[in-house]
Amino acid sequence: MHIVACIKQVPDTAQVKIDPETKTLIRTGVESICNPYDLVAVEAAVQLAEKYSGKVTVITMGPPQAESALRDCLALGAQQAILLSDRAFAGADTLATSYTLAQAINKINDADPVSLVLCGKQAIDGDTAQVGPGIATRLGYNQFTYVAEVIGLDPASNTITVRREIEGGSEVIEGKLPAVLTAELNLAAPRYASLPELVRSLRQEIKVWGARDVAALPEQVGLKGSPTMVREIFVPPARGGGQVFDTNEDKGNAVAGFLDTFFGKEQRLLEELLAKDGHAQE
Amino acid sequence: MPKNSRGREIAEVIPDKCIGCQLCLAACPVDAIVMDKGVAKIDPEKCTGCGKCVDVCPVNSILFEKVRKKKKPVVAAGPVPVSEYGGVAVFIEIHQDKGAEVAWELVGKARELAEKLGTPVLGFLFGSNVEPVAREAIAYGCDTVYVMDNPLLQTYLPKVYGKALAEMCQQVKPEILLLGATPLGRDLASVVATVLGTGLTADCTGLDIDAQERLLLMTRPTFGGNIMATILCRNYRPQMSTVRPRVMRLPKKDLSRQGEIKPVAFVPPQDELPRIIEFIPRAAEIGGVDITRAPVLVVVGKGACNPQHMPMFEELAHLMGGAVACSRPVVESGLLPYVRQVGQTGRTVAPKIYIGVGVSGAVQHLVGMQGSEKIIAINTDRNAPMVQIADYALIGDYLKIVPELIKGFEARATGVKGAGA
Ligand SMILES: Cc1cc2nc3c(=O)[nH]c(=O)nc-3n(C[C@H](O)[C@H](O)[C@H](O)COP(=O)(O)OP(=O)(O)OC[C@H]3O[C@@H](n4cnc5c(N)ncnc54)[C@H](O)[C@@H]3O)c2cc1C
Ligand code: SF4
Ligand code: SF4
């Protein structure tokens, strides 16, 4: 069984700070990491491959530096890594990204048929859960998003049974392979890479494919293949600072002062609340 | 203006402003730009100083001072005849046989957008025996509701719904299509955008119209909520967007509103379809609490993450008719379950009153609660971001403040009730 995992290298958004003076992002020193949700997808892929004696290929579309994210995945136990990197891919939105990844999966599939594609459920730096379903739709595969558990996989009948998290609960669903799965955080816990795996991951050759290698049409990739465009980027306007009541300064009256102000100014809001809820009405 | 060794004037990136969008890479004709640690870097020897990168950078992070003739951007004739499309459509999601609240919130927003465009609000409804929902859609503000009614549409499968909604769009040709950013809505939106080859912007927090260009302006947080981006889709239709529940306001229902219900034929797909084996309702979300619906939230942060004080927070919440929620470290500590987490990786909430107790207000938390009507911060640190954005901030130890609040609130609430009666 051959499983492809799609990953993305992202800036570690936890490290990103805003310069309060210039209102711009402070980017210097921010590291790039493999999207944490994607590591879950790779771990799940590796576990499935171990169980069903298959293999895992990781792919990513990105600049040459994204290679380091692929190496992280090799260290988790993936067998093969392919970097889709081409100047023509730059500026891609999710539609162009899913096209490029689907083209690559088609090519991988020609060499060694693919049964499953795994993606993280979303990327921490922006795009929200669009690429997985986009790939499935382009390839005509079944799609199972927000998967929390793979309940069963039967290579003989070519079916997979998963539990997905949806509004108000979860759903157990069964369908034919090949399929695209997007991983919830609880699908798998990424392992700590062993030393031999780490060494292997650093030595292994990573293939680099460009637009021509995956037979991508120029008008479908990168900026040209992206219907959406960024018009403006801005720092969210700060909510105007409100009133401050400091217990260190107001000698025991701060809370009472707050309550008086609050009940005075928010009369309407409180009436609405207290009229409805039945609490504090006895 | 910097020059390279050949004396050419070149462009230069300001690394701290660069957001790593790579648009300049795509624009540079001589391949002079590479990404380095997520930031664009220009090779001074390769750069010819043409200035193309400067034009595309959305955040003006490229310095380029050479005077040159600014070319008017060529407005490409759209790949789709944009003017043939009209109407603001809302996908009416059904949740347990009823219209999902987020759908009505979007209908409310759609009315506002449609009025600016001078076009009708359309409801797109799929399901089995959904006529009552269609009538409700009209009461909330739809002018026309297009319905595909078929037993096969009783449950959601991406292939079935994807085909149905894509075909609906091809027939009705709406210029805008809005969906709730629920698990179902997100899933479906990407299928449909891919089939139609149009642009989709997920998780928008703001929608507006550029009246001059007749375009939908879709604003969403990006970069983990650190910055906002306004996105548009100029040449493809419909312009698609998903919006999280509780971001837009629920409009008033008006049962006397008139509208039209139009059936549309549904052609089932030929593929062999997945089979839903069972639905397992979420084990009564710890006392059945849904933090997205509580009008008041007492939100416990790491600074108040103490099991002994939970009864006190419960009491305050109960007193105000609300519920207890928390920040991520509190979930990580095991004190409260994940369903109570507010923020980027938790729930988006917009209560009438948000009370943050020992919550610092990291961006990942703020993006999940910015829509709250009134924000109260209780914090020892006057400079905490939560204190900065709060309408009311109480500075000090929560152990002292919260009991006083409970007492004072109890005493005053009776007064409000008396005054309101
Ligand atoms: C990809 C990603 C996603 C994330 N998603 C989320 C998310 O969805 N939700 C979320 O909440 N976080 C999320 N985080 C984490 C986020 O970055 C912050 O770490 C987190 O929100 C901080 O929680 P906190 O405010 O409770 O704790 P802290 O930042 O530690 O703040 C504690 C506060 O308590 C105050 N305090 C201490 N003692 C007292 C006292 N006695 N009385 C009153 N005040 C006191 C302190 O002054 C401080 O302001 C995410 C992070 C990443 C990287
Ligand atoms: S000025 Fe022209 S040549 Fe130089 S980096 Fe920008 S686009 Fe490339
Ligand atoms: S276009 Fe501007 S923001 Fe985008 S990568 Fe280039 S320099 Fe950075």
Side-chain angles (χ1 to χ4, degrees), chain A residues 11 13 16 24-28 32 63 87 90-91 124-126 128-130 133-134 137 142-143 145-146 166-167 169-176 222-223 227-228 230-236 239 241-247 255-256 258-259 263 269-271 273-275 277 279-281, chain B residues 15-17 22-23 25-26 31 35 38-39 58-59 158 182-183 186-187 190-191 194 198-199 201-203 222-224 226-233 236 272 274-282 295 319 321 352 388-396 401 404-405 408 412-413 416-417 420:
Chain A
T13 49
V16 176
T24 53
L25 287 174
I26 305 172
R27 287 295 311 274
T28 350
S32 291
R87 209 161 61 81
I124 56 167
D125 66 332
T128 320
Q130 291 173 35
T137 305
N142 279 325
Q143 85 189 40
T145 46
Y146 310 105
I166 57 173
E167 194 90 349
S170 55
E171 170 184 275
V172 176
I173 185 168
E174 171 194 276
K176 286 281 177 222
L223 198 55
T228 59
V230 179
R231 162 174 286 190
E232 191 195 355
I233 296 226
F234 57 96
V235 174
R239 273 176 87 119
Q243 261 174 290
V244 178
F245 302 86
D246 196 328
T247 53
V255 177
F258 158 69
L259 281 166
F263 275 77
L269 190 68
L270 284 162
E271 269 171 32
L273 276 174
L274 296 173
D277 64 50
H279 300 280
Q281 287 195 12
Chain B
D16 280 353
K17 284 181 100 179
Q22 302 178 26
L23 290 176
L25 255 77
D31 222 348
M35 296 307 291
V39 174
V59 291
T182 59
R186 286 197 176 139
D187 204 271
S190 11
V191 174
T194 309
T198 191
T201 308
D203 271 359
T222 179
F223 241 82
N226 285 288
I227 46 175
M228 307 293 289
T230 301
I231 313 259
L232 47 82
C233 171
Y236 298 81
E272 187 186 342
R275 198 165 59 84
I276 297 170
I277 297 171
E278 66 171 322
F279 173 75
I280 312 159
R282 199 154 287 144
L319 199 61
K352 294 200 180 297
Q388 310 288 318
I389 67 151
D391 299 290
Y392 302 95
L394 282 152
I395 308 301
I401 295 174
E404 273 189 62
L405 263 185
R412 285 171 179 85
V416 171
K417 212 229 145 193

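Just so we're on the same page: letters track the sequence lines, and every chain starts at 1.
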Undergrad: To the nearest 0.5 Å, what is the distance between CG on B/Asp187 and CD on A/Gln130?
TA: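 Reported value, rounded in 0.5 Å steps: 11.5 Å.
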Undergrad: State which residues pass side chain to side chain contact (heavy atoms under 4.5 Å, CB included) with B/Thr201; sequence neighbours excluded, sorted by chain then number.
TA: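 With sequence neighbours excluded, B/Thr201 shows a side chain to side chain contact (heavy atoms under 4.5 Å, CB included) to A/Thr228, B/Cys204, B/Met218, B/Arg220, B/Ile231, given in chain and number order.
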Undergrad: What do the steps show when you test A/Thr247 against B/Glu404 for side-chain contact (heavy atoms from CB on, under 4.5 Å), and what is the final call?
TA: CA-CA 11 Å; A/Thr247 53; B/Glu404 273 189 62; 5.9 Å; no
Undergrad: Starting at CD of B/Glu278, measure out to CD of A/Glu174 and round the result to the nearest 0.5 Å.
TA: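 So the CD of B/Glu278 and the CD of A/Glu174 are separated by 12.0 Å.
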Undergrad: Among B/Ile277, B/Leu232, B/Ile401, single out the residue with the greatest number of heavy-atom pairs under 4.5 Å to chain A.
TA: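 Of B/Ile277, B/Leu232, B/Ile401, B/Leu232 has the most heavy-atom pairs under 4.5 Å with chain A.
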Undergrad: For B/Glu272, does the CD atom sit with more than 12 other heavy atoms under 6.0 Å from it, leaving out its own atoms?
TA: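 No, not enclosed.
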Undergrad: Quick check for you: to the nearest 0.5 Å, what is the distance between B/Ile276 atom CD1 and A/Ile166 atom CD1?
TA: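 Atom-to-atom, B/Ile276:CD1 and A/Ile166:CD1 are 7.0 Å apart.
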Undergrad: So, for A/Pro227 and B/Tyr236, which heavy atoms are closest and what is the spacing to 0.1 Å?
TA: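 That closest heavy-atom pairing would be CB-CD1, 3.5 Å.
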Undergrad: Out of A/Pro63, A/Pro133, A/Ser170, which one racks up the most heavy-atom pairs below 4.5 Å with chain B?
TA: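 Highest number of heavy-atom pairs under 4.5 Å: A/Ser170.
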Undergrad: Heavy-atom pairs under 4.5 Å with chain A: which of B/Cys233, B/Pro158, B/Gly199, B/Ser190 has the most?
TA: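 That would be B/Ser190.
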Undergrad: Of the non-hydrogen atoms in B/Gly408 and A/Leu259, which two are nearest, and what is the gap between them?
TA: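 Looking at all heavy atoms of both residues, the closest pair is CA-CD1, 3.5 Å.
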Undergrad: Once you round to the nearest 0.5 Å, how far does CG of A/Leu270 lie from CZ of B/Arg412?
TA: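 Here the rounded value is 11.0 Å.
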Undergrad: Measure up the B/Tyr392 and A/Phe258 rings against each other and bin them: parallel (under 30°), tilted (30 to 60°), perpendicular (over 60°).
TA: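 Answer is perpendicular, since the angle exceeds 60°.
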Undergrad: Of the listed residues (A/Ile173, A/Leu269, A/Val172, A/Leu223), which shares the most heavy-atom pairs with chain B below a 4.5 Å separation?
TA: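 The option with the most such pairs is A/Val172.
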Undergrad: Looking at A/Gly134, A/Gly175, A/Gly222, which has the largest count of heavy-atom pairs under 4.5 Å with chain B?
TA: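 That would be A/Gly134.
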Undergrad: Is the shortest heavy-atom distance from the side chain of A/Gln143 to the side chain of B/Val191 under 4.5 Å?
TA: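 Yes, at least one pair of side-chain atoms sits under 4.5 Å.
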Undergrad: I'd like to check the salt bridge (charged side-chain N to carboxylate O under 4.0 Å, His left out) partners of A/Arg231; sequence neighbours left out, ordered by chain and number.
TA: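 If we apply the salt bridge (charged side-chain N to carboxylate O under 4.0 Å, His left out) test to A/Arg231, skipping adjacent residues, the hits are B/Asp210, B/Glu213.
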